[in-house]
Chemist: 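Okay, here's the structure, questions in a sec.
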Amino acid sequence: MSKNTPQAIRGTQDIFGADAEAFAFVVETFERVRKLYRFRRVEMPVFEKTEVFSRAIGETTDVVSKEMYSFEDRGGESLTLRPEFTAGIARAFLTNGWQQHAPLKVATHGPLFRYERPQKGRYRQFHQIDAEIIGAAEPQADVELLAMADQVIRELGIQGVTLHLNTLGDGETRSAWRAALIDYFGVVKGELSEDSQERLEKNPLRILDSKDPRDRKFVADAPKIDTFLSDEAQAFFEAVTNGLDAAGVKWVRAESLVRGLDYYRHTAFEFIPDEGSEAASKLGSQSTILGGGRYDGLMESLGGAPTPAVGWAAGIERLAMLVGGPEVSFDPTPVLAVIPDSPSMRAEADRIAAHLRSLSSGDYYIWSAFKQHGRKLADKAKNDGVDAILFVRDVPDVDDRLHLTNVSAPSEEAMREMFYVLARLPAPYRALSGEN
RNA sequence: GCGAUCGUAGCUCAGUUGGUUAGAGCGCCGGUUUGUGGUACCGGAGGUCGCGGGUUCGAACCCCGUCGAUCGCCCCA
């Protein structure tokens, strides 16, 4: 690499090859499932006014206080590259009058930006798939949203991942619980880890899932959310769990699952790889694959009318790490290479390739390359994983012009399939010779 | 923001206690090969050893700094 070539920005990725295939597979699967559940597609701006995020997510959260890519535009306005989807979608809901469509089910995917130290499964520009139900207070909305998340993960073929579920109660429940936790941990503050002493000020709920053994011994006897739950909040959570059972979505209760952002109420959840599973080892130290919850207070923080809503987002890179390695093929469609035997047959081969492409209904793909011919090109095609090769020979007899060789599946059936493809060619290409 | 490990060809990596002209495989380019299915054969190009400084007769190798990568902490998807 020349020292004169600029390098990529830290924490960004140039996704290529098998990784890019896995990425596309995740997005395509999500699109299919989202249509199945009739979530409407939305496209959102990649940047917003900074206050959209600072007001919605909460000034004291790590995301807002130290992880945002914020900058002034030429008019002196503070803008921010979106660190998540929910705040922007909430803003759009309010500014575009989407109330008229409530309850509104929307889905999107795209890049997000967080100024963090990159590591496995975590980047400064990363990508999420996202689903939201806005304007529905019913626990059935939570259930459907979670069933959809569960289906996405299953259709991706991901094993060993479990839904961890908790309730944070309503606003009053959450503040009462928070106050009790501050009291409880405040007494033993000196014995807590340095991180948790700080968390006591900023986000006491987070002490509950600290990994530090100094904190862990106090966590077991910490005040439980269930004691503070109002009757309504309790009933809501039960309705959600009953609905999940009815829908056949497996879940476990995770009492210490709190989510980092201020806007969560009631349902909070994460899909997490099971301890010791293959999925867990593929993810490195990242554990959450998909996370979300109910955010009934968010619209008000943006100056809108109280509007109940639930949503989730999942990291595409993290999902892609779990859907298989280079050996996994995401598309079984057969690939036919069209190869000129000699330079003189180049134009003829190109014509045949063009014919075959225009005749394809997506049941096969045509491979071609722009230089070389004969054996050398055939070797390249095989390396690229083509299933069959059609040689275009320079012979006087048109009937001998096309020669088919099956590469990947030596079965007669596969060979017949390829002959069937070639049968669609117009004259004078009808005849051909080949093996099997 | 903190810590650990690592930067040699396009890629993956060798490179002895510091010692002549820094190597291999793959890929790439050219030639031969008319093709049985990720193993044909011959030849070739390609590297200021991340960058800067220092030690030394001599540095890819030792020291300092810097940038980057990887992994972990924090936090999150």
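Both backbone and side-chain heavy atoms feed into the values below; hydrogens, waters and symmetry mates do not. Chain identifiers are assigned alphabetically (A, B, ...) following the order of the sequence lines, protein sequences preceding nucleic acid strands; residue numbering begins at 1 within each chain.
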Chemist: If we only count heavy atoms from C-beta on, is the A:E270 to A:T288 side-chain gap below 4.5 Å?
Modeler: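 A side-chain contact exists here, since the closest heavy-atom pair is under 4.5 Å.
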Chemist: Grab the CD-P distance between A:E270 and B:rC75 for me, whole Å please.
Modeler: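 In whole Å, B:rC75 P and A:E270 CD are 12 Å from each other.
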Chemist: Would you mind reading off the distance between A:F16 atom CZ and B:rG27 atom C1', rounded to a whole angstrom?
Modeler: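 The answer, rounded to whole Å, is 12 Å.
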Chemist: Using the P atom as the point on both nucleotides, what is the distance between B:rC62 and B:rG7, in whole Å?
Modeler: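 My reading of the P atoms in B:rG7 and B:rC62 gives 10 Å.
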Chemist: Taking the side chain as every heavy atom from C-beta outward, state whether A:Q125 and A:R114 have any atom pair closer than 4.5 Å.
Modeler: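 Not in contact.
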Chemist: Ignoring hydrogens and angles, answer whether the base of B:rG35 and the side-chain atoms of A:K382 contain a donor-acceptor pair closer than 3.5 Å.
Modeler: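 Side chain to base: no pair present.
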Chemist: With P as the reference atom in both, quote the distance from B:rA9 to B:rG50 in angstrom, rounded to an integer.
Modeler: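 8 Å, rounded to whole Å.
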Chemist: If you check the A:S285 side chain, which of B:rC74, B:rG35, B:rG72 turns out closest?
Modeler: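 That would be B:rG72.
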Chemist: Between A:R294 and A:Y264 (side chain of the first, backbone of the second, donor and acceptor by atom type, cut-off under 3.5 Å), is there such a pair?
Modeler: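 Checked: no pair found.
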Chemist: List for me each residue that meets salt bridge (charged side-chain N to carboxylate O under 4.0 Å, His left out) alongside A:D379, sequence neighbours excluded, and say none if there are none.
Modeler: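 A:D379 satisfies salt bridge (charged side-chain N to carboxylate O under 4.0 Å, His left out) with A:R375 only.
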Chemist: Regarding A:Q140 and A:E144, is there a side-chain donor-to-acceptor distance under 3.5 Å anywhere?
Modeler: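 No, because no side-chain N or O of A:Q140 sits under 3.5 Å from a partner of the opposite role on A:E144.
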Chemist: Any donor-acceptor pair under 3.5 Å joining the side chain of A:R318 to the base of B:rC76?
Modeler: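 Such a pair exists between side chain and base.
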Chemist: For A:G374, which contact category applies under a 4.0 Å heavy-atom criterion: base, sugar-phosphate, or nothing?
Modeler: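 Here A:G374 touches the bases of the nucleic acid.
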Chemist: Rounding to an integer number of Å, can you tell me how far A:E67 CD sits from B:rC75 P?
Modeler: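 Atom CD in A:E67 sits about 10 Å away from atom P in B:rC75.
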Chemist: Using the side-chain heavy atoms of A:R10, tell me which of these nucleotides is nearest: B:rC76, B:rA69, B:rC75.
Modeler: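 Looking only at heavy atoms from C-beta outward on A:R10, the closest nucleotide is B:rA69.
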Chemist: Would you measure the distance from the P atom in B:rA59 across to the matching atom in B:rG43 and give it in whole Å?
Modeler: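 These two P atoms come out 35 Å apart once rounded.
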Chemist: In residues 114-126 of chain A, which residues come under 4.0 Å of RNA chain B by heavy atom?
Modeler: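 A:R114, A:E116, A:R117, A:Q119, A:K120, A:G121, A:R122, A:Y123, A:F126, in order of number.
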Chemist: Go through B:rA77, B:rC74, B:rC28 for me and flag the one nearest to the A:T288 side chain.
Modeler: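 So the side chain of A:T288 is nearest to B:rA77.
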Chemist: Which part of the nucleic acid does A:S342 contact within heavy-atom distance under 4.0 Å: base, sugar-phosphate only, or nothing?
Modeler: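 No contact.
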Chemist: What interatomic distance, in whole Å, is found between C1' of B:rU12 and the corresponding atom of B:rG52?
Modeler: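 Taking atom C1' in both B:rG52 and B:rU12, they lie 28 Å apart.
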Chemist: Tell me which of A:G385 and A:G292 sits closer to the 5' end of RNA chain B, going by the nucleotide each one is nearest to.
Modeler: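 Its nearest nucleotide being more 5', the pick is A:G385.
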Chemist: Check the distance between B:rC76's P and A:M68's CE and give it to me in whole angstrom.
Modeler: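 The answer, rounded to whole Å, is 15 Å.
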Chemist: Between B:rU20 and B:rU66, how many Å separate the two P atoms, rounded to a whole number?
Modeler: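 Rounded to whole Å, the distance is 32 Å.
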Chemist: When the P atoms of B:rG10 and B:rC49 are compared, how many Å lie between them, rounded to an integer?
Modeler: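 It comes out at 13 Å once rounded to the nearest Å.
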Chemist: Can you measure A:W367 atom CH2 to B:rG37 atom P for me and round it to whole angstrom units?
Modeler: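 Distance, rounded to whole Å: 18 Å.
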Chemist: Whole-Å distance between B:rA77 P and A:I129 CD1?
Modeler: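 Distance, rounded to whole Å: 13 Å.
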Chemist: Can you confirm whether or not the ring centre of A:F271 sits under 6.0 Å from the ring centre of A:H164?
Modeler: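 When the ring centroids of A:F271 and A:H164 are compared, they turn out to be at least 6.0 Å apart.
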Chemist: With rounding to whole Å, what would you report as the distance between B:rC61 and B:rG19 at their C1' atoms?
Modeler: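 About 12 Å, rounded to a whole number of Å.
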Chemist: Examine B:rC28: is either OP1 or OP2 under 4.0 Å from a nitrogen or oxygen in the side chain of A:K380? Give yes or no.
Modeler: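 For B:rC28, OP1 or OP2 has a side-chain N or O of A:K380 closer than 4.0 Å.
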Chemist: Using distance alone, with no hydrogens and no angle criterion, decide if A:H127 and A:R318 have a side-chain donor and acceptor under 3.5 Å apart.
Modeler: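 The answer is no; no qualifying pair exists.
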Chemist: Check the distance between B:rU34's C1' and A:D394's CG and give it to me in whole angstrom.
Modeler: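 Atom-to-atom, A:D394 to B:rU34, this comes out as 12 Å.
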Chemist: Does A:L112 reach the side chain of A:F85, with side-chain heavy atoms less than 4.5 Å apart?
Modeler: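 A side-chain contact under 4.5 Å exists here.
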Chemist: Mind checking A:G11 for me? I need base, sugar-phosphate or nothing, with any heavy atom below 4.0 Å counting as a touch.
Modeler: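 Sugar-phosphate, no base atom in range.
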Chemist: For A:W367 and A:D384, test the side chains for any donor-to-acceptor distance below 3.5 angstrom and give the result as yes or no.
Modeler: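 Short answer, yes.
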Chemist: Say we look at B:rA4 and B:rA22: how far apart would their C1' atoms be, to the nearest angstrom?
Modeler: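 Those two atoms are separated by 30 Å.
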Chemist: Which dot-bracket notation, 5' to 3', represents the base pairing of RNA chain B when pairs are defined as Watson-Crick or G-U with both distances under 3.5 Å, crossing pairs as [ ], and inter-strand pairs as |?
Modeler: (((((((..((((.....[...)))).(((((.......))))).....(((((..]....))))))))))))....
Chemist: Over how many whole Å does the gap from A:D379 atom CG to B:rU34 atom C1' extend?
Modeler: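 Those two atoms, CG and C1', are 12 Å apart.
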Chemist: Knowing that exactly one of A:E43, A:R41, A:Q128 qualifies, which makes a side chain to side chain contact (heavy atoms under 4.5 Å, CB included) with A:H109?
Modeler: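 Exactly one option meets the side chain to side chain contact (heavy atoms under 4.5 Å, CB included) with A:H109, and it is A:R41.
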Chemist: Can you see whether A:Q159 engages A:S277 through a side-chain donor-acceptor pair at a distance of less than 3.5 angstrom?
Modeler: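 No donor-acceptor contact under 3.5 Å links the two side chains.
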